[in-house]
Each structure stands twice: as structure tokens, then as C-alpha cells.
Number of protein chains: 2
Amino acid sequence: MKQRLAAIGTVETLPHRVAAFLSREIESGELNPGARLPTEQELSEKFGVSRNVVREAIAQLRADGMIEARQGIGAFVLAPEQRAAIRIDREALKDTHNMERLFELRCILEAESAALAAARRNQGHLDSIKAALDRMGGEERWEEGSIDADLLFHREIARATGNSYIHTFISFVCEQIRHSIHYARMTNPLHDLVEINVGEHVRIYQALVAGDAEAAEAAMRAHIVGAANRVGVKLPLSKAGGAK
Amino acid sequence: MKQRLAAIGTVETLPHRVAAFLSREIESGELNPGARLPTEQELSEKFGVSRNVVREAIAQLRADGMIEARQGIGAFVLAPEQRAAIRIDREALKDTHNMERLFELRCILEAESAALAAARRNQGHLDSIKAALDRMGGEERWEEGSIDADLLFHREIARATGNSYIHTFISFVCEQIRHSIHYARMTNPLHDLVEINVGEHVRIYQALVAGDAEAAEAAMRAHIVGAANRVGVKLPLSKAGGAK
DNA sequence: TGATACATATCATCCTACAACTTACCTCGA
DNA sequence: TCGAGGTAAGTTGTAGGATGATATGTATCA
């Protein structure tokens with residue numbers, strides 16, 4: 001229970017709230033690329049906070065490449081292509097459609113990465129993956145633990161590709177999905193237990209051991225479609241259903 | 001020429017430098033997850049800047065989920081899988097190996113997305129893609145313009161998938177690659193002209209028009225492997241070469 | 001007219017002060 | 001001795017003002 005509290009405990013600090021407000025205004029199109037933001041002083045008056053708070057908020061947006069501040073002139077909204085970071089709005093994930101899209105992206109990333117992992121994995125990778133698999137179905141089967149193991153399983157496979165960017169991207173997407181499901185479980189007691197299909201994981205692992213890229217990719221694809229279904233999201237993937 | 005200056009003009013502000021320093025220290029493992037950062041005062045003394053600057057730097061790291069600050073206690077390094085944002089170190093991309101990995105990720109993302117786009121595109125999407133294609137080979141063939149069109153071409157295809165996350169991820173990865181190549185061109189006059197293969201793009205476009213998912217995926221895969229080769233990166237993709 | 005100097009607006013940085021929160025220690029009473 | 005409660009110190013969060021750096025517009029003057 002304390003784990004939950006710790007996981008939630010993201011205190012809403014003032015700079016965070018100001019940044020979120022401005023961020024939404026930009027994403028929603030109320031502030032178009034090229035538009036100039038109000039001055040720091042105007043913002044501090046508008047939100048009723050000190051200029052320091054405004055500056056911390058702007059520092060964050062600037063680091064993300066959402067705005068560009070120029071000394072003596074002001075701060076301007078940048079085009080979406082110029083973003084220096086990818087950030088996913090967790091509020092938006094409460095919408096099932098968005099969840100579906102995220103699962104689709106995950107499937108694309110993980111399926112082909114599984115094929116790469118099958119071709120490149122070494123014994124150390126296999127050991128790590130096996131360890132996660134064991135934890136998943138093992139005695140530590142209280143919910144948080146097995147979900148952690150599930151995520152670790154996927155991360156270790158991503159690591160076995162030897163490509164750190166793939167690892168980063170997959171970890172990130174999986175974590176967003178995990179957080180969103182975690183939240184949904186808390187607000188909707190019906191989904192109290194998240195069912196983890198161990199069989200699907202075993203098939204992926206076996207394909208990796210065999211070094212069979214095609215089988216690994218197919219197994220991963222089937223697994224993610226299954227995982228999506230189990231949380232109430234049905235994937236409209238073209239490939240997943242028929243091809244191959 | 002002014003375009004270049006505008007593109008480069010990322011002023012190194014003090015908070016940015018402090019954030020970069022701490023970020024590297026975390027990524028490199030000198031500060032492990034769970035470790036506590038020095039206090040704001042200590043950091044401000046160490047870097048010779050005001051506490052305000054340190055706070056802006058920390059605000060950025062916190063927004064990225066790299067650290068967690070708790071009032072009255074201090075700031076602590078979070079585990080990599082808790083990151084709230086994906087950010088790519090542009091310095092690291094000067095290493096060809098990293099560039100290769102990024103191209104590999106791009107290939108995974110774009111190949112399958114091209115298949116999705118072929119299945120879901122409507123006439124509006126095709127028009128936008130065609131417009132980018134025309135700009136690429138058209139009269140506006142000075143370097144910056146055709147590179148912009150190239151990127152736009154890929155972004156429009158991503159948009160045709162109807163999945164905003166796919167669009168975001170692909171835009172981001174392409175932009176990182178573009179920036180890195182841009183930089184390489186400036187420091188190495190040998191690669192002054194970036195060759196853009198229009199034929200490869202046309203084949204992708206034709207597959208999209210035909211609604212042929214398999215052909216679109218194959219064409220996209222071939223194109224990205226080709227593009228990587230033209231900037232001196234050879235992709236070791238398993239699928240790209242042989243498997244159909 | 002054209003160029004220079006000045007005033008203004010804005011961001012960048014610094015400084016100090018206080019509030020809110022946590023921890024550790026210390027005192028005091030049973 | 002031991003426990004409860006309070007106190008002090010340390011740390012982050014927020015406020016507000018002061019000064020430097022930079023860009024823009026304006027007024028002055030040759």
C-alpha cells in the first residue's frame with residue numbers, strides 16, 4: 001500500500017502547474033508556433049506566483065523545445081517538429097482511443113525488436129530474461145511484483161537488441177502503459193487483478209533461445225495484442241491478425 | 001545562411017549547462033538511482049552560480065523524471081525506467097555507432113508505419129504526401145529546402161497512420177537525425193551536398209496510392225537503408241537485407 | 001537623410017528572506 | 001530507564017527586488 005502512495009506521490013509544485021498550463025495551451029493550438037508568450041512579469045501576475053516560479057516553468061518548456069526565449073525580446077512558441085523531447089500526456093491516456101494508439105506503437109516497436117533480439121542475444125541476455133520470466137510466474141505473484149517482472153522481461157529483451165535507443169523507447173512506452181493501467185485499476189475496482197499470461201511470455205522466450213527471429217516477432221506480436229485485449233483494448237493492427 | 005545561424009542559435013544558458021552536467025553524471029552512472037544529489041547550495045557553490053540557476057536546472061531534470069526532489073530532504077536520482085520524457089543526447093550522435101543505432105530504430109518505426117499508412121490513408125493524406133514529394137524534386141532544390149521537404153514527406157506518411165503517437169515518435173527521430181547530419185555537414189565540408197534519392201520516395205508514394213501495405217513497407221525499408229548508406233552509415237538490419 | 005545616442009522593454013542572473021517540511025536531538029516526566 | 005513531546009537545524013519551495021545583458025524603438029544632431 002505504501003508502494004502505491006510512493007508511486008502517486010508526485011506533489012504538484014507551482015512551476016509544474018504553470019508549465020502544464022502553458023503546455024496545454026500550446027498543444028491545443030491556442031498558442032500557435034511563432035506566437036509570443038506573455039512576459040514573465042505578466043505571467044507571474046496572471047498566475048499569482050513569483051517570477052521565479054514562472055522562470056522554472058519556462059525553463060522546462062524550453063528544455064523540451066516547445067518554446068524559445070530570447071533575451072531582450074521575449075519567448076516564442078516553436079513548431080512541433082522542433083521538440084527536443086518526447087513526453088506523453090498521461091491525462092490523455094484515460095481515453096481508450098489513445099491507449100489503443102499507444103499499444104499499436106508498442107507493438108510496432110517490440111515485434112521487430114524481438115526479431116533483432118533473437119538474432120543478437122547472448123547467454124547473459126537470456127539469463128536476465130529468464131530471471132524476469134521466473135519472477136513473473138514464481139512465488140512473488142502479488143500484483144505489483146509480477147507486473148514489475150513483466151516490464152522487466154520486456155526491457156531485458158529490448159536490451160538484448162544491443163541498441164540503447166530501442167531500449168529507451170520501449171522502456172518508455174511500456175512504462176506509460178503501466179502507469180495508465182495502474183491508475184485505471186485504482187479508479188475502477190472491477191479490474192483489480194491484472195491477468196498476466198505466462199504462456200505467451202514463455203513462447204517469446206523459447207523463440208529467443210532458439211534464435212528464431214520470425215518466431216520471436218510473431219510471438220511478441222501475439223502477446224501484445226493479447227495484453228491489450230486483457231485490459232479492454234482491441235488492436236486494429238493489420239499485420240497482427242492475418243499476415244504471415 | 002541566416003537559416004543556419006537560426007538553426008544553430010541555441011544559446012548555452014547557465015541552467016542548461018548545469019542540467020547537462022548533472023544529466024551526464026546520472027547517465028554515466030556516477031550518480032546511481034536512489035543516490036542523493038548535493039544540496040542546492042552546495043551545487044550553486046560548486047558551479048559558481050546562484051541558487052536560482054541551480055533550481056532551474058533541477059526543475060528540468062525533475063520534469064524529465066530523472067530526479068525527484070522532496071521538500072525538507074533533498075533531491076534523489078530516479079531509476080531510468082521512471083523517465084517521463086525521452087531525450088537524445090546530440091553529442092552522442094557524433095559517434096557513428098550511435099547514429100547507426102538511431103537509423104535502425106527509425107527503420108523499425110517507419111517501415112511498419114508505412115504499411116499502416118498504406119492501409120489507412122485517405123485522399124487528403126495522399127495529397128499532402130504528394131505535395132512534399134513535388135517540393136523535394138522540384139525547382140526549390142537548394143539543400144535546406146529539399147531536406148525540409150524530405151522530412152515533411154516522412155512526417156506526412158506518419159500522420160496518415162492516424163496514430164498521433166506514431167507521428168510524434170517518427171517526427172522526433174527524423175529530426176534528431178537531420179540535426180546531426182546538418183552538424184556533420186558543417187564540420188566536414190566533404191559532405192557538403194546531401195543527396196536525396198527521389199526515386200526511392202516515388203516508390204513509397206506509389207505503394208501508398210495503391211494501398212499496398214507490403215510494398216510500402218518494403219519500399220520504406222529500402223529507402224531508409226539507402227539514406228543511411230548515403231550519409232556513411234551501414235545498417236546491419238536482419239530484415240532489411242534478405243528476409244521478405 | 002542618415003547615423004549616433006538614449007530610453008525602454010525583456011530576459012538572465014544574483015541576492016536575501018521567509019515558509020513548509022523532514023530529521024535528529026534533546027528535554028522532561030513517568 | 002524509557003517514552004513522549006518539543007525544539008533546533010537542515011533542505012527544498014516560494015516570494016520579491018536589484019542588477020546585467022540584449023534587442024527595439026525613438027529622438028537628437030550633423
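In the text below, chain A, chain B and the rest are named by the order of the sequence lines, each starting its count at 1. Quick caveat: nothing in here was measured; it's all calculated off a predicted structure.
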Is the CD atom of B:E25 crowded by more than 12 outside heavy atoms at less than 6.0 Å?
yes

Once you apply a heavy-atom cut-off of 4.0 Å, does A:I58 come out as touching a base, just sugar-phosphate, or nothing?
nothing

Of the non-hydrogen atoms in B:Y165 and A:R101, which two are nearest, and what is the gap between them?
CD1-CB, 3.7 Å

Expressed in angstrom and rounded to an integer, what is the separation of B:E56 atom CD from C:dA12 atom P?
8 Å

In whole angstrom, give the distance that lies between atom CZ of B:F76 and atom P of D:dT12.
9 Å

CG of B:L61 versus P of D:dT12: gap in Å, rounded?
14 Å

N/O (side chain, B:R55) to phosphate O (OP1/OP2, D:dG13) under 4.0 Å:
yes

With a 4.0 Å limit, can you tell me whether A:R62 has a side-chain N or O closer than that to the phosphate oxygens OP1/OP2 of C:dA12?
yes

Less than 4.0 angstrom from a charged side-chain N to a carboxylate O is my criterion; do A:R178 and A:E175 meet it?
yes

Write down the distance between CG (B:L43) and P (D:dT12), rounded to a whole number of angstrom.
8 Å

Nearest to the B:V53 side chain among C:dC14, D:dT22, C:dC21, which nucleotide is it?
C:dC14

Which of the following nucleotides, C:dT10, C:dT13, D:dT14, is nearest to the side chain of A:P15?
D:dT14

In whole angstrom, what separates A:Q71's CD from C:dT8's C1'?
15 Å

Closest approach to the side chain of A:L14, judged atom by atom: which nucleotide of D:dA15, C:dT13, C:dC11 is it?
D:dA15

For a quick check, tell me whether the side chain of A:N52 and the base of D:dG13 share a donor-acceptor pair closer than 3.5 Å.
no

Nearest to the side chain of B:S50 - C:dT10, C:dC15, D:dA21?
C:dC15

Among C:dT10, D:dA18, D:dA15, find the nucleotide with the atom closest to the side chain of A:R51.
D:dA18

For B:T13 and C:dT13, is the shortest distance between a side-chain N/O and OP1 or OP2 below 4.0 Å?
yes

Heavy-atom closest pair, residues B:S113 and B:T161
O-CG2, 3.4 Å

It should be established whether B:T39 places a side-chain nitrogen or oxygen under 4.0 Å from OP1 or OP2 of nucleotide D:dG10.
no

Does a side-chain N or O from A:R70 land closer than 4.0 Å to OP1 or OP2 of D:dT22, or not?
no

Can you list the steps and then say if A:R24 with A:E27 is a salt bridge (charged side-chain N to carboxylate O under 4.0 Å, His left out)?
CA-CA 5 Å; A:R24 273 169 216 280; A:E27 296 289 359; over 6 Å; no

Given atom CD of B:Q41 and atom P of C:dA17, what is their separation to the nearest angstrom?
13 Å

Please pick, from C:dC11, D:dT11, D:dA23, the nucleotide with the shortest atom-to-atom distance to any side-chain atom of A:I73.
D:dA23

